[in-house]
Colleague: 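Below is a structure I'd like to ask you about.
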Amino acid sequence: MIDRRSLLAGSAALIAAAAHLPAFAADMPDESWVNVRHFGAKGDGTTIDTPAINKAIDYAAARGGGTVYFPPGTYACYTIRLKSKIALYLDHGAVILAAPAPDNGIGGYDLAERQDAAIEPFQDYGHNHWRNSLIWGESLSDIAVLGSGLIWGKGLGRGDGKDNYLKDPNGPGTANKAIALKNCHNVLLRDFKILEGGWFGLLLTGVDNLTIDNLLIDTNRDGMDIDCCRNVRVSNCTVNSPWDDGICPKSSYALGYPRSTENLTITNCMVTGNYVIGSVLDGTWKKMGPEFAGHVHGRIKFGTESNGGFKNITIANCTFDDSQGLALETVDGANMEDVTVSNITMRGSFSSPFFLRLGRRMRGPAGRPIGTLKRVMITNVTSSGAGFLPSIIAGLPDHPVEDVKISDVYLHQVGGAPEAMAHLVPPANEDMYPEPKMFGDLPATGFFVRHARNVEMSNVEVAVARPDPRPTFRLENVDGARFANVRGAGALFSFKDVRGFRSVLPDLRAASIANGIATVRDEKLLLR
């Protein structure tokens, strides 16, 4: 005779498993769901629960894998060590809290890897250290961090000596990253939140087949660094990072060799750099005060670490709110190619809405050639309330940015520049750290294009909130420029050493062709 109660209990367990939620039997340590409390975790916010959590991970890994379950509670931790075929599941109300490092420097977080002197000069210090983190893994496969809980990096350092919690943010027993992964594959990060993630909320290096979905990161430096990674999907994420970059793909030398970041999509995300840390998480959305205006970051930026390259990139359906816009940078010998940007809205860009830079910093092994930046398409963009700087496309005299197409774009700039700004001759600064402000103020309201080949713009309008004497488009050393149906508030074009210029303009006003401050060489105009 079948026991009806056993049958019902078994059915409930199957339904719960199918929904990816812990069944009632998940509290038992012989099930695939392993409860950290059964290994001694208290979840009281004071007891250091790391030993219990790592025991639970070891237990599940020894049985071929499983899900390590965090029920509601606050789990004060030092370093949690991931293993292959392990998922961490943070339930509603579960918090993994980065505990302050011990004052005596004994114990605490795992020590950072020994610095490799051969590659130390080739990237910022923090990019080739993973173990001094709240959660880390190396050479793992089939791992995940899931659930609607919170990772709070309260005790993590920022890596710059400005920490509230640590006297020495890089000393023994300290940590400065929420999650760090190296040389892993088949990785899923979904649904959880990060508050104050330290130097990097996510530092992901050499990670392939990576999915990052529906994260909310409200942090004090970089939101996520995706470095030397391939086959990556970032979607439905919100990142508030006033003090550094929001979503930052890189291709550094941290692995000891150049490796490209490729086959990457970033979709349906929002980045900002102008909300008080924690206010996005709690839903109050409090703006930073005007005294912090010069510190706003919060952008999507490719680079500055750029040794390996960026290939086959798509950025679509994203919102930028009070940020530094979108930056595509290669300055260390990397080839950046085949980039598509579409359906973007920007509000309050504190610098250039778009910054495309091919430079000559060359921080890497000697003998590497200059990189390339080519085949970039930007379409369907609206931007309002941007500052003095125009969008920038800037290469080198003998290494131009190539094959850029921009269409269906409306840019609203603050305007109001003084007359002298229209006559500026920006410095070359070929080997400088790449930032939109690297050239100083610029003699254009919409686009400053220098050292480029085959640039095409159509259905582009640039408006200004206040009258501005600068031309809409300033072109210098450009070979092949095609413009159709472009509009500006005043003079449209200013040229210097431009070859193969063609334009279909909305009218024939002489003032729209040049403002008298530049020369045109081999110019051909096709006017309707």
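No hydrogens, no waters, no symmetry mates; every other heavy atom, side chains included, goes into these values. The model shown is predicted, which means the values in this text are computed figures rather than measured ones.
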Colleague: Given 3.5 Å as the limit, does a donor-acceptor pair link the side chain of Glu113 with the main chain of Trp130, or not?
Modeller: yes

Colleague: I'd like to know if the side chain of Thr330 and the backbone of Ala334 have a donor-acceptor N/O pair within less than 3.5 Å.
Modeller: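 Side chain of Thr330 to backbone of Ala334: a pair is present.
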
Colleague: Step through it carefully: locate the ring centre of Phe200, locate the ring centre of His127, and say whether they are under 6.0 Å apart.
Modeller: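 Phe200 vs His127: aromatic centres under 6.0 Å.
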
Colleague: Please walk me through it: do Asn307 and Tyr257 pass side chain to side chain donor-acceptor pair (under 3.5 Å)?
Modeller: CA-CA 8 Å; Asn307 299 94; Tyr257 63 94; over 6 Å; no

Colleague: Under 3.5 Å, is there a donor on one side chain and an acceptor on the other for Ser342 and Asn380?
Modeller: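 Side-chain D/A pair, Ser342 to Asn380: absent.
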
Colleague: Any chance you could lay out the side-chain contact (heavy atoms from CB on, under 4.5 Å) test for Leu356 and Val376, step after step, and finish with the verdict?
Modeller: CA-CA 9 Å; Leu356 282 64; Val376 177; 4.1 Å; yes

Colleague: Take Arg363 and Tyr433 through the side chain to side chain donor-acceptor pair (under 3.5 Å) test and state the conclusion after the steps.
Modeller: CA-CA 10 Å; Arg363 188 168 68 174; Tyr433 184 93; over 6 Å; no

Colleague: Using the side-chain hydrogen bond (donor to acceptor under 3.5 Å, both in side chains) rule, pick out the option among Thr211, Asp213, Asn317, Thr267 that qualifies with Ser235.
Modeller: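 Among Thr211, Asp213, Asn317, Thr267, the one that satisfies the side-chain hydrogen bond (donor to acceptor under 3.5 Å, both in side chains) with Ser235 is Asp213.
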
Colleague: Just verifying a value: how many Å separate Leu281 CG and Ile217 CD1, rounded to the nearest 0.5 Å?
Modeller: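 Separation between the atoms: 11.5 Å.
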
Colleague: Report yes or no: do Asp44 and Thr46 form a side-chain donor-acceptor pair below 3.5 Å?
Modeller: no

Colleague: side-chain contact (heavy atoms from CB on, under 4.5 Å), that's the test. Do Val187 and Asn209 meet it? Break it down for me.
Modeller: CA-CA 6 Å; Val187 175; Asn209 302 342; over 6 Å; no

Colleague: Heavy-atom count check: over 12 atoms from other residues, nucleotides or ligands less than 6.0 Å from Lys287 NZ?
Modeller: yes

Colleague: With distance as the sole test, does Ser279 use its side chain to make a donor-acceptor pair with the main-chain N or O of Val276 at under 3.5 Å?
Modeller: yes

Colleague: Look at Arg361 together with Asp431 and state whether they make a salt bridge at an N to O cut-off of under 4.0 Å.
Modeller: no

Colleague: Can you check whether Trp285 reaches Asp282 side chain to side chain, under 4.5 Å on heavy atoms?
Modeller: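 Side-chain contact under 4.5 Å: no.
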
Colleague: Using atom types as modelled and distance alone, determine if a side-chain donor or acceptor of Asp208 lies under 3.5 Å from a backbone N or O of Arg230.
Modeller: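 Checked: pair present.
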
Colleague: Ignoring hydrogens and geometry, is there a side-chain-to-backbone donor-acceptor pair from Ser241 to Trp243 under 3.5 Å?
Modeller: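 Absent.
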
Colleague: Compute whether any side-chain donor of one residue and acceptor of the other, for Trp152 and Glu196, lie under 3.5 angstrom apart.
Modeller: yes

Colleague: Which pair of non-hydrogen atoms, one from Phe39 and one from Asn35, has the smallest distance, and what is that distance?
Modeller: CD1-O, 3.5 Å

Colleague: Please tell me if the side chains of Asn54 and Ile80 come closer than 4.5 Å, counting only heavy atoms from C-beta onward.
Modeller: yes

Colleague: Say you draw a straight line from CG of Leu140 to SG of Cys184; how long is it, rounded to the nearest 0.5 Å?
Modeller: 4.0 Å

Colleague: Before giving the answer on side chain to side chain donor-acceptor pair (under 3.5 Å), spell out for Asn312 and Asp338 the whole-Å C-alpha distance, their side-chain angles and the decisive distance to 0.1 Å.
Modeller: CA-CA 5 Å; Asn312 211 23; Asp338 302 317; over 6 Å; no

Colleague: Go through Val234 and Cys269 one step at a time and tell me if the side-chain contact (heavy atoms from CB on, under 4.5 Å) criterion holds.
Modeller: CA-CA 8 Å; Val234 181; Cys269 291; 4.1 Å; yes

Colleague: Restricting to non-hydrogen atoms, name the atom on Thr79 and the atom on Thr50 that form the minimum distance, rounded to 0.1 Å.
Modeller: O-CG2, 2.9 Å

Colleague: Report the C-alpha separation of Lys42 and Asp49 in whole Å, then their side-chain angles, then the decisive distance to 0.1 Å, and conclude whether the side-chain contact (heavy atoms from CB on, under 4.5 Å) test is met.
Modeller: CA-CA 7 Å; Lys42 302 298 182 184; Asp49 286 325; 3.9 Å; yes

Colleague: Could you measure the distance from the CG atom of Asn128 to the CG atom of Asp227? Nearest 0.5 Å is fine.
Modeller: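 Answer for the CG-CG pair, Asn128 versus Asp227, is 10.0 Å.
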
Colleague: List the atom of Ile119, the atom of Gly256, and the distance in Å for their closest heavy-atom pair.
Modeller: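 Taking every non-hydrogen atom into account, CG2-CA, 3.9 Å.
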
Colleague: Apply side chain to side chain donor-acceptor pair (under 3.5 Å) to Thr372 and Asn335, showing your working.
Modeller: CA-CA 5 Å; Thr372 62; Asn335 295 331; 3.0 Å; yes

Colleague: State, with a plain yes or no, whether a side-chain heavy atom of Asn268 is found less than 4.5 Å away from one of Cys318.
Modeller: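 A side-chain contact is absent here, since even the closest heavy-atom pair is not under 4.5 Å.
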
Colleague: Look at the side chain of Gln123 and the backbone N and O of Ala254, then say whether any donor-acceptor pair between them is shorter than 3.5 Å.
Modeller: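 Answer holds: yes.
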
Colleague: State which residue, out of Lys437, Arg299, His297, Gln324, fulfils the side-chain hydrogen bond (donor to acceptor under 3.5 Å, both in side chains) condition with Ser351.
Modeller: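 Exactly one pass, corresponding to Gln324.
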
Colleague: Verify the distance criterion only: is there a donor paired with an acceptor across the side chains of Trp136 and Asp110 at less than 3.5 Å?
Modeller: yes

Colleague: Below 4.5 Å, heavy atoms only, C-beta onward: do Trp199 and Asp225 meet side chain to side chain?
Modeller: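 The answer is no; the side chains never approach within 4.5 Å.
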
Colleague: Of Leu97, Val95, Leu195, which is the lone residue that meets side-chain contact (heavy atoms from CB on, under 4.5 Å) with Lys154?
Modeller: Leu97

Colleague: Among Lys301, Lys250, Arg221, which residue meets the salt bridge (charged side-chain N to carboxylate O under 4.0 Å, His left out) test with Asp245?
Modeller: Lys301

Colleague: Any chance the rings of Phe70 and Tyr89 have centres within less than 6.0 Å?
Modeller: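 Aromatic pair excluded; centres sit 6.0 Å or further apart.
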
Colleague: Report yes or no: does Ser251 contribute a side-chain atom to a donor-acceptor pair with the main-chain N or O of Cys228 at less than 3.5 Å?
Modeller: no

Colleague: Measure the CG-OG distance between Leu181 and Ser139 for me, rounded to the nearest 0.5 Å.
Modeller: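 Spacing of CG (Leu181) from OG (Ser139) equals 11.0 Å.
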
Colleague: Taking all atoms of both residues into account, what is the closest heavy-atom pair of Leu389 and Pro353, and its distance?
Modeller: O-CD, 4.2 Å

Colleague: Please determine, by modelled atom types, if Asn186 and Ser141 share a side-chain donor-acceptor pair under 3.5 angstrom.
Modeller: no

Colleague: Looking only at non-hydrogen atoms, find the nearest pair between Pro71 and Arg37 and report the distance.
Modeller: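 The pair with the smallest heavy-atom distance is CG-NE, 3.5 Å.
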
Colleague: Please confirm whether the backbone N or O of Ala118 pairs with a side-chain atom of Asp116, one donor and one acceptor, at under 3.5 Å?
Modeller: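 Here the side-chain-to-backbone pair exists.
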
Colleague: Taking all atoms of both residues into account, what is the closest heavy-atom pair of Ile266 and Pro249, and its distance?
Modeller: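 Of all heavy-atom pairs spanning Ile266 and Pro249, the closest is CD1-CG, 4.2 Å.
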
Colleague: How about Arg347: does its CZ atom have over 12 heavy atoms from other parts shown lying under 6.0 Å from it?
Modeller: no

Colleague: Do the side-chain N and O atoms of Asn236 and Asn214 include a donor-acceptor pair separated by under 3.5 angstrom?
Modeller: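 No, no side-chain donor-acceptor contact under 3.5 Å.
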
Colleague: Taking atom OG1 of Thr261 and atom CD1 of Ile313, what is their separation to the nearest 0.5 Å?
Modeller: 7.0 Å

Colleague: Heavy-atom count check: over 12 atoms from other residues, nucleotides or ligands less than 6.0 Å from Met362 CE?
Modeller: yes

Colleague: With a 4.5 Å heavy-atom cut-off, do Ile151 and Lys193 have their side chains touching?
Modeller: no

Colleague: Please answer whether the main-chain N or O of His129 pairs with a side-chain N or O of Lys177 as donor and acceptor at a distance below 3.5 Å.
Modeller: yes

Colleague: Tell me if a side-chain donor or acceptor on Asp142 pairs with a main-chain N or O of Ser84 at a distance below 3.5 Å.
Modeller: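 No, the answer is negative, given that no donor and acceptor are paired below the 3.5 Å cut-off.
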
